[in-house]
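Since the structure comes first, as structure tokens, the remarks are kept for the end.
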Amino acid sequence: AVIRTDTGMVIGQYKGQKMLPYRELVEKFETQLTSLNLAFTRSLMVTGNGERFFGTYRFGQVSIAGENFERKLRLFSSHDGSLERGYGIEMERLACLNGMIISEIVTTSGRHRQNDTLELFASLQNAIERGLIDAQTFIDAMGNTAINNELARNILSNIVAMSKGSISPKVGLLAHYNWLNPSPDETMLGNSLYRLYNASTRLMRDVENIGK
């Protein structure tokens, strides 16, 4: 890895004799956002010795199905080939900051080619617009799908089984507990698949924020 001696920050990593920095990716991505007149705030992160990179860009709120959501872009790349360069468009539910919906993911077919960044961002504006439509359709569909307690438990059990160990039965039970005990902002969502989704993401928020 290439590491700053004053702060210990990982700048990049060598592959063969060539350093593969993320700075070029970030600069071109932000130039494209600016050209679309999108004001944004950002946070950037690398994991390991710089093998993977993630950037989060927030750029304003929209109303979907009567609720406020914040539009987000997640930029990602890697030096070890574990992630292709790309970005995902997300919606974060603002009522209690517990819902995140990935509605569109765009990646390049190759890794670290000289012109892949330009290819990646050529459809950025269309992807954002399409992502908004996809998110609204997704939320509406979940909100219009009625479920009862038994079906909610079966859905969570299937998710645990399909995760092949990455989601434990305890996590499934805790999500079901949240379903049976909705927060005030979830109660108004009714007995719908969308409320089950929020009950599950509330569990992740509680683990992160208060260690519950």
Separation of [Y] [atom2] from [X] [atom1] (nearest 0.5 Å):
{"X": "R52", "Y": "F54", "atom1": "CZ", "atom2": "CZ", "value": "5.5 Å"}
{"X": "S168", "Y": "L174", "atom1": "OG", "atom2": "CG", "value": "7.5 Å"}
{"X": "S77", "Y": "F29", "atom1": "OG", "atom2": "CZ", "value": "12.0 Å"}

Are any of the side-chain heavy atoms of [X] and [Y] separated by less than 4.5 Å?
{"X": "L33", "Y": "F59", "result": "no"}
{"X": "M142", "Y": "S192", "result": "no"}
{"X": "Y194", "Y": "R93", "result": "yes"}
{"X": "Q32", "Y": "E30", "result": "no"}
{"X": "M91", "Y": "R71", "result": "yes"}
{"X": "L173", "Y": "Y177", "result": "no"}
{"X": "I133", "Y": "T137", "result": "yes"}
{"X": "N198", "Y": "R202", "result": "no"}

Looking at every heavy atom in both [X] and [Y], which two are closest together, and how far apart are they?
{"X": "L156", "Y": "S200", "result": "CD2-OG, 3.8 Å"}
{"X": "I167", "Y": "V171", "result": "CG2-CG1, 3.8 Å"}
{"X": "N68", "Y": "S63", "result": "OD1-CB, 4.1 Å"}
{"X": "R195", "Y": "N191", "result": "NH2-OD1, 2.8 Å"}
{"X": "R74", "Y": "T56", "result": "NH1-OG1, 2.8 Å"}
{"X": "L203", "Y": "A175", "result": "CD2-N, 3.9 Å"}

| side chain to side chain contact (heavy atoms under 4.5 Å, CB included) between L73 and F40, worked out | CA-CA 10 Å; L73 287 173; F40 57 85; over 6 Å; no
Practice problem: Indicate if F138 and V62 have the same hydrophobic cluster label, given that clusters are the connected sets of ILVMFWY residues with side-chain heavy-atom separations under 4.5 angstrom. | Solution: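 F138 and V62: one cluster.
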**Item:** With sequence neighbours excluded, residues passing salt bridge (charged side-chain N to carboxylate O under 4.0 Å, His left out) with R58
**Value:**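 R58 satisfies salt bridge (charged side-chain N to carboxylate O under 4.0 Å, His left out) with E70, E92 once adjacent residues are dropped.
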*Is the count of non-hydrogen atoms from other residues, nucleotides or ligands lying under 6.0 Å from M188 atom CE greater than 12?*
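Yes, because the 6.0 Å sphere around CE of M188 holds more than 12 heavy atoms from other groups.
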In this structure, are over 12 heavy atoms from other groups packed under 6.0 Å from M162 atom CE?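 At most 12 heavy atoms, drawn from other residues, nucleotides or ligands, come within 6.0 Å of this atom.
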For residues 144-151, run the donor-acceptor check on the side chains, cut-off 3.5 Å, and write out each pair with its distance to 0.1 Å, sequence neighbours left out.
from : atom 1 : to   : atom 2 : distance (Å)
N144 : ND2    : D140 : O      : 3.0
T145 : OG1    : A141 : O      : 2.7
N148 : OD1    : E150 : N      : 3.3
N148 : OD1    : L151 : N      : 2.8
N149 : OD1    : W179 : NE1    : 2.8

Ring centres under 6.0 Å, that's the criterion: do Y87 and Y57 meet it?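 Y87 vs Y57: aromatic centres not under 6.0 Å.
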